[in-house]
Amino acid sequence: MTGSNRMIQPGSPPKDTQVAAWIGGHAFEYWKKITSLIDRRYPGVFVPEWLFGGKKHGWSLRYKKTKSFCTLIPEKDRLAVLIVFGREERQKVEAVKEQLSAETWEEYEKATTYHDGKWVLLTVDSGTVVEDLQLLLGVKRRPKNEQTA
């Protein structure tokens, strides 16, 4: 796993201890917060799936139902989260942009839009980014606990 900022060792998906050692204890706390947030707000919706993208992309943890929800990417001393927003979802993000931090909005604005959507990669390095992620994930899919309220 050296020579790359990604976890590129083929074989079995990494264990939590390996992820924690790779991204660092501080980033791993955010990893646990995000995975817990998804489990809590979307109970029974997603089964997280480890994907291996080869030596270039390494391991990532994808949350998907019928379409992509988000992907957690463990990088050396860093946690990144990828969210792809389709056309309708981008309109919803525009509606909540005032609630996002300036840093997250800047990352959203500079993200590349491809034929399948806008690919936003956020570095999770603060509680503010976790709050922004919660809002952005709510744009992707309404939390179950809000649907019954």
Should Val139 and Val84 be regarded as members of a common hydrophobic cluster, given that ILVMFWY residues are connected when their side-chain heavy atoms come within less than 4.5 Å of each other, either directly or indirectly? no

Where Glu107 and Leu121 come nearest, the two heavy atoms and their spacing: OE1-O, 3.9 Å

NZ/NE/NH1/NH2 to OD/OE distance under 4.0 Å, Lys67 and Glu89: yes

Has Glu109 got more than 12 heavy atoms of other residues, nucleotides or ligands less than 6.0 Å from its CD? yes

If we only count heavy atoms from C-beta on, is the Tyr108 to Leu100 side-chain gap below 4.5 Å? no

Is any side-chain heavy atom of Glu103 closer than 4.5 Å to one of Val129? no

Asp16 versus Trp31, closest heavy-atom pair with distance: OD1-NE1, 4.4 Å

Please report the shortest heavy-atom distance between Pro43 and Lys144, naming the atom on each side. O-NZ, 3.0 Å

Nearest 0.5 Å, what's the CD-CD distance between Glu94 and Gln91? 9.0 Å

Does the pair Arg62 and Thr71 meet the rule for a side-chain hydrogen bond (donor to acceptor under 3.5 Å, both in side chains), with working shown? CA-CA 4 Å; Arg62 178 177 68 179; Thr71 304; 5.8 Å; no

Is there a path of hydrophobic side-chain contacts, each under 4.5 Å between heavy atoms, that joins Tyr63 and Phe28? yes

Main chain of Ser101, side chain of Asp132: is a donor-acceptor contact present, judged purely on distance under 3.5 Å? yes

Specify the closest pair of heavy atoms between Trp22 and Met7, including all atoms of both residues, with the distance to one decimal. CD1-CG, 3.2 Å

For Gly54 and Ile8, work out which heavy atoms get closest and say how close. O-CG2, 4.1 Å

Does any non-hydrogen side-chain atom of Ile73 lie less than 4.5 Å from one of Arg6? yes

Any Leu133 side-chain heavy atom under 4.5 Å of Val124 side chain: yes

Are Val93 and Leu82 connected in a single hydrophobic cluster, I mean Ile/Leu/Val/Met/Phe/Trp/Tyr linked by side-chain heavy atoms less than 4.5 Å apart? no

To the closest 0.5 Å, what do you measure between NZ (Lys97) and CG (Leu136)? 13.5 Å

Verdict with reasoning, Thr35 to Leu72, per side chain to side chain contact (heavy atoms under 4.5 Å, CB included): CA-CA 9 Å; Thr35 56; Leu72 280 66; 3.8 Å; yes

Heavy-atom side-chain contact between Leu137 and Ile83 under 4.5 Å: yes

State whether the side chain of Lys64 and the backbone N or O of Phe69 hold a donor-acceptor pair below 3.5 Å, judged by distance alone. no

Can you give me the closest heavy-atom contact between Ser60 and Pro74, atom names plus distance? CA-CD, 4.2 Å

I'd like to know if the side chain of Arg90 and the backbone of Phe85 have a donor-acceptor N/O pair within less than 3.5 Å. yes

Donor-acceptor pair, side chain of Trp50 and main chain of Ser12, under 3.5 angstrom: no

Side chain to side chain contact (heavy atoms under 4.5 Å, CB included) between Thr112 and Trp119, intermediate numbers included: CA-CA 6 Å; Thr112 303; Trp119 289 51; 5.8 Å; no

Gln18 side-chain N/O to Lys15 backbone N/O, donor-acceptor pair under 3.5 Å: yes

More than 12 heavy atoms from other groups under 6.0 Å of NZ on Lys55: no

Residue pair Leu79 / Asp125, side-chain heavy-atom distance below 4.5 Å: no

Do Gln134 and Leu37 have side chains that get closer than 4.5 Å, going by heavy atoms? yes

Is any side-chain heavy atom of Arg141 closer than 4.5 Å to one of Phe46? yes

Spacing of OG1 belonging to Thr113 relative to NZ belonging to Lys118, to within rounding of 0.5 Å: 3.5 Å

Any idea how Tyr30 and His26 line up, ring-wise: parallel (<30°), tilted (30 to 60°), or perpendicular (>60°)? perpendicular

Between the side chain of Lys140 and the main-chain N/O of Ser68, is any donor-acceptor distance below 3.5 Å? yes

Under the side chain to side chain contact (heavy atoms under 4.5 Å, CB included) criterion, do Val81 and Ile34 qualify, and how do the steps go? CA-CA 10 Å; Val81 175; Ile34 293 166; 4.0 Å; yes

For the pair Ser36 (side chain) and Lys33 (backbone), establish whether a donor and an acceptor sit closer than 3.5 Å, ignoring hydrogens and angles. no

Should the ring pair Trp59 and Phe52 be called parallel, tilted or perpendicular, given that the plane angle runs from 0 to 90° and is split at 30 and 60? tilted

